[in-house]
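Take a look at the structure below.
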Amino acid sequence: MSRSERKIDHIRHAISHEREIHNHFDDIEIVHQSLARLNFEDIQMNIQVGELYLSSPLFVNAMTGGGGEETMAINRNLAIAAKETGIGMAVGSQMSALKNVEERKTYEIVREMNPEGVIFANVGSEATLDQAREAVRMLHADALQIHINTLQEMIMPEGDRDFSQRMHRIQDIIDHIDVPVIVKEVGYGMSKETADTLYQMGVRHLDVGGRGGTNFSRVENMRRERAYTSFNNWGIPTPVSVLETSISDDLHVFASGGVRNGLDGAKAMVLGAKGFGMAGSLLKILVNEGREALTEEIHHILHEFKIAMMLQNALHPKKLNGKPHVMLGYTKQWYDQRMN
Ligand code: FNR
C-alpha cells in the first residue's frame, strides 16, 4: 500500500468506525428557560478567544495530511465550506509537508481557497521551532495547533516512541512563535494535571480533543490483526475534559471530540469552553454527500447553536458560560471525585 493509499484507508476507518454507544454530552442537560427575551436577529456569533478572533465558536478541526489527489480534494472542499460559512479551519498535521516539498500543495490550497479566513496550522509535538514557523508561513496561519497523540503513536507499529524532547520543544515554540499556540489532543482528552503543566509553561489555548467521537485506538485497531483493543475506551470524555481543564480565566479551552451538533457545542460552552471543533462527522458528510451538503450541515449546526443561545437569553456565545445546567451519570460521578 502506498503512503497516499494508507492515508485514504485511514480516513475511511476514521469516518466509519463504531462510535461509543453513550456520548457524554448526553450527561449534560441545559435547563430550559421559558422566558426568552431576545430578538433572534440580534444574537451575535463572533467570539474572541485570547488573542484569536473567530466569526463563530465552531471550527473545522484538523484532518487529513500528506500528499495525494484525494487528500488535496478533501482539504480544498473543507476550505470552501469553511469560507462559505465563515468558520475557522485547522489543517491536518503538516509534518510530512515540512519534509516533502511536493506535499505542500495539499495545505496551501486551504489558504488559496479561503484567503481571508481564519486558519490554524498543525504540527506534532516533535516539531522544532523552525518547523513550527515554516508550518505557519506555509498557510499564513492565524494560529498554530500542536497535537499530542501519545497513545495513537504507541498503538501504531511505525509510531514514535521517544517523547523525551517534547516538553522542551513545546516550550521553545511557545516562547518564540508570534501566533497564538493551541495545544491539542486527538481524541483522548486532557486532564487538569496536563492543563496545569501547560499553563505553567505559558500555554494559553487548549483543545481538549476528548473521547467520544473519532477514536484512533479503534481506527488503528481496525487496521491490524494483533490489536490493542483494551485501549478502545481509553481517555477523558470531552465534556469531562472541559470541566477538568477550566482551571483559569486566561486558559482558553476549545472543546472537540464527539461534538455531534450545535447543542453539544452549546453544552460545551455552558461548561466553560470558549469554542468548539468538529472533525470526523464533518468529514463523513463531505465524503458521503459532498460539499454542498457539508455547507448546509455547518449552517444547520450554527443555527442549532443559536437556538440554544436564544433559549438561554445569551446574546453572545460567551454568555452561555455557567448557564443553569444539570450533570448526570458518569460525568457527575467523575465531577464528584475529581473536581469537588
Ligand atoms: C484527525 N485528527 C487530527 N488531529 C491533529 O491534530 N492532527 C491531524 O493530523 C489529525 N488528523 C486527523 C485525521 C482524520 C481523518 C480525523 C477524523 C481526525 C483529530 C481531530 O482533529 C480531532 O481532534 C478528533 O478527530 C476528535 O474530533 P471528532 O472527530 O470527534 O470531531
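Order of listing sets the numbers, starting from 1, for every ligand and every atom in it.
Residue contacts with ligand 1: Val259 is placed with no nitrogen or oxygen under 3.5 Å of a nitrogen or oxygen of the ligand (distance criterion only).
The side-chain tip of Arg211 does not point at the ring of Tyr188 from less than 6.0 angstrom away and within 45° of straight on.
No side-chain donor from either of Lys184 and His147 sits under 3.5 Å from a side-chain acceptor of the other. Using modelled atom types, one finds no donor on one side chain facing an acceptor on the other under 3.5 Å when comparing Thr128 with Asp130. Ser256 and Asp207 share a side-chain donor-acceptor pair at under 3.5 Å.
Listed by first then second residue, pairs satisfying ring-ring contact (aromatic ring centres under 6.0 Å, His included) with a partner in residues 34-74 read Phe40-His303, Phe59-Phe120, Phe59-Phe254, not counting sequence neighbours.
Residue contacts with ligand 1: His10 is excluded, as none of its non-hydrogen atoms falls under 4.0 Å. Within the 4.0 Å heavy-atom cutoff, Ser281 does not count among the residues contacting ligand 1.
Residue contact check: Ser93 has heavy atoms under 4.0 Å from atoms 7 (N), 8 (C), 9 (O) of ligand 1. Atom numbering of ligand 1 starts at 1 in the shown order; those under 4.0 Å from a heavy atom of Gly92 are 9 (O). Taking a cut-off of under 4.0 Å to the non-hydrogen atoms of Met278, the atoms of ligand 1 that pass are 31 (O). In summary, the atoms of ligand 1 found under 4.0 Å from a heavy atom of Glu185, numbered by their order in the structure, are 23 (O). Listed by number with element, the atoms of ligand 1 under 4.0 Å from a non-hydrogen atom of Gly213 are 30 (O). Ligand 1 places these atoms under 4.0 Å from at least one heavy atom of Gly258: 28 (P), 30 (O), 31 (O).
With Asp264, Val123, Thr214 as candidates, the residue nearest to atom 29 (O) of ligand 1 on a non-hydrogen basis is Thr214.
Contacts with ligand 1 closer than 4.0 Å are made by side-chain heavy atoms of Phe216 only, the backbone lying farther away. At a heavy-atom distance under 4.0 Å, only backbone atoms of Thr64 (N, CA, C or O) approach ligand 1. Contacts of Asn122 with ligand 1, taken as heavy-atom pairs under 4.0 Å, involve the side chain alone. Heavy atoms of Met63 found under 4.0 angstrom from ligand 1 belong to the backbone as well as the side chain.
Scanning all protein heavy atoms for the shortest distance to atom 24 (C) of ligand 1 gives Val186 O, 3.8 Å. The protein non-hydrogen atom at the shortest distance from atom 10 (C) of ligand 1 is Ala62 O, 3.6 Å. The single protein non-hydrogen atom nearest to atom 23 (O) of ligand 1 is Lys184 NZ, 3.0 Å, given as residue, atom name and distance. The single protein non-hydrogen atom nearest to atom 31 (O) of ligand 1 is Ala279 N, 2.9 Å, given as residue, atom name and distance. At the shortest separation from atom 26 (C) of ligand 1 among protein heavy atoms lies Gly257 CA, 3.6 Å.
In this structure the side chain of Met327 reaches within 4.5 angstrom of the side chain of Ile28, judged on heavy atoms.
Note: Leu139 CG to Glu112 CD = 11.0 Å, rounded to the nearest 0.5 Å. A distance of 10.5 Å separates CD of Glu244 from CG of Asp196, quoted to the nearest 0.5 Å.
For His325 (side chain) and Val270 (main-chain N/O), no donor-acceptor pair under 3.5 Å exists by modelled atom type.
Under the 6.0 Å cut-off for aromatic ring centres, Tyr330 and His24 qualify, their centroids lying closer than that.
Applying the side-chain hydrogen bond (donor to acceptor under 3.5 Å, both in side chains) rule to Asn232 yields the partners Asn221; only residues at least two apart in sequence or on another chain are considered.
Here the closest heavy-atom approach between residue Gly265 and residue Val259 is recorded as N-CG1, 4.0 Å.
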